[in-house]
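Okay, so here's the structure we're looking at.
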Amino acid sequence: MTLIFILLAILLLWKHRKLALMSLLFAISLLTFYSSEFGSRWLALGLENQYQVNSSPITGDCAVMVLGSGADDTLDVPDVMKLSPTGLERLTEGVRQFHLGQNCQLFVSGWSGGKGRPFAEVSKQVALSFAIPAAQITMFPLAKDTIEEAHYFAQKWGNKPFRLVTSATHMPRSMSIFEAQGLSPIAAPTGFMARDSYWWVLSADNLLTSQRSIHEYLGQAWIWLKTHLK
């Protein structure tokens with residue numbers, strides 16, 4: 001969005017200098033807000049405050065669904081190092097949730113993106129290294145997004161309660177998607193990004209937090225539009 005206003009300022013520069021200046025100032029203001037602790041925290045907390053860390057024991061039938069992220073299978077390193085930071089956060093929280101119940105099933109998902117092994121397969125290998133039995137791991141290597149993940153999971157588990165593991169900013173949208181398919185997710189968020197730091201500090205980390213939060217707000221808006229414009 002910031003780049004759009006910068007480009008608009010350049011296009012308007014010669015004929016409409018006042019508009020160009022206003023557009024440029026607005027772009028700088030947006031960039032400052034998104035890269036600040038105040039702005040990024042405010043955006044992230046609107047999502048992350050909806051669900052808290054879940055450490056409750058799992059009783060009865062136990063299933064843990066870990067949503068996919070990214071992995072670089074081209075690296076010549078152990079599988080645990082191939083997972084993206086987000087992917088590793090989600091999987092380790094999934095393993096923690098797995099140990100909160102008895103005879104749990106761990107579900108891992110995510111496709112390859114057209115390169116190397118699917119994220120689900122890399123995640124399974126890492127889970128095996130964490131001493132999760134192979135018989136208790138199910139992969140969804142063809143799932144390309146959260147909607148497909150919910151679809152594949154519903155075919156295996158039905159509408160029984162289960163722990164849903166994903167990033168805290170992504171959790172509200174994920175819960176809506178899974179519930180829309182008649183499932184019964186119980187949130188187990190991880191990877192909280194909102195940080196309480198100095199309000200005046202500008203950083204790339206804050207920009208990343210803002211970017212991910214805005215992505216989720218836009219995703220929620222898109223789901224709302226698809227639901228209400230049918």
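Counting begins at 1 with the first residue of the sequence.
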Open item on the list: I need the Arg163 CZ to Leu106 CG distance, nearest 0.5 Å.
Closed with: 13.5 Å
Task: Salt bridge flag under 4.0 Å for residues Arg117 and Asp79 - done: yes
- [ ] Verify side-chain hydrogen bond (donor to acceptor under 3.5 Å, both in side chains) between Ser167 and Arg90, making sure each step is shown before the conclusion.
- [x] CA-CA 7 Å; Ser167 305; Arg90 293 180 183 183; 3.0 Å; yes
- [ ] Measure the CG-CZ distance between Asn159 and Phe178 for me, rounded to the nearest 0.5 Å.
- [x] 14.0 Å
Open item on the list: Regarding Glu216 and Thr169, do their side chains bring together a donor and an acceptor under 3.5 Å, going by distance alone?
Closed with: no
Task: Step-by-step salt bridge (Lys or Arg N to Asp or Glu O under 4.0 Å) determination, Arg96 to Glu93 - done: CA-CA 5 Å; Arg96 190 179 78 88; Glu93 177 59 18; 2.9 Å; yes
Task: Intermediate values then yes/no, side-chain hydrogen bond (donor to acceptor under 3.5 Å, both in side chains), Thr190 and Glu89 - done: CA-CA 7 Å; Thr190 188; Glu89 284 175 342; 5.4 Å; no
Open item on the list: With a 4.0 Å cut-off on N to O distance, would you call Glu121 and Lys124 a salt bridge?
Closed with: no
Open item on the list: Parallel, tilted or perpendicular: which one describes the rings of Trp42 and Phe33, with boundaries at 30° and 60°?
Closed with: perpendicular
Open item on the list: Side chains of Arg173 and Gln220: any donor to acceptor distance under 3.5 Å?
Closed with: no
- [ ] Would you check if the side chain of Asn54 reaches a backbone N or O of Ser56 as a donor-acceptor pair within less than 3.5 Å?
- [x] yes
TODO: Taking the side chain as every heavy atom from C-beta outward, state whether Ser174 and Leu67 have any atom pair closer than 4.5 Å.
DONE: yes
Open item on the list: Can you confirm whether Gln50 sits close enough to Met171 that some side-chain heavy atom of one is under 4.5 Å from a side-chain heavy atom of the other?
Closed with: no
Open item on the list: Whether Asp72 and Lys82 form a salt bridge (side-chain N of Lys/Arg under 4.0 Å from carboxylate O of Asp/Glu) is what I want to check.
Closed with: no
TODO: With rounding to the nearest 0.5 Å, note down the distance linking CG in Leu45 to CZ in Arg195.
DONE: 10.5 Å
Open item on the list: Ignoring hydrogens and geometry beyond distance, is a side-chain donor-acceptor pair present between Ser40 and Ser210 at under 3.5 Å?
Closed with: no
Open item on the list: Between Glu148 (side chain only) and Lys144 (backbone N and O only), is there a donor and an acceptor less than 3.5 Å apart?
Closed with: yes
- [ ] Any chance you could measure Thr59, atom OG1, to Leu100, atom CG, to the nearest 0.5 Å?
- [x] 11.5 Å
Open item on the list: Return the CG to CD distance between Leu43 and Glu48, rounded to the nearest 0.5 Å.
Closed with: 11.0 Å
- [ ] Enter the distance from Phe107:CZ to Phe98:CZ here, rounded to the nearest 0.5 Å.
- [x] 11.0 Å
Task: Polar side chain donor-acceptor pair, Asn206 to Ser203, under 3.5 angstrom - done: yes
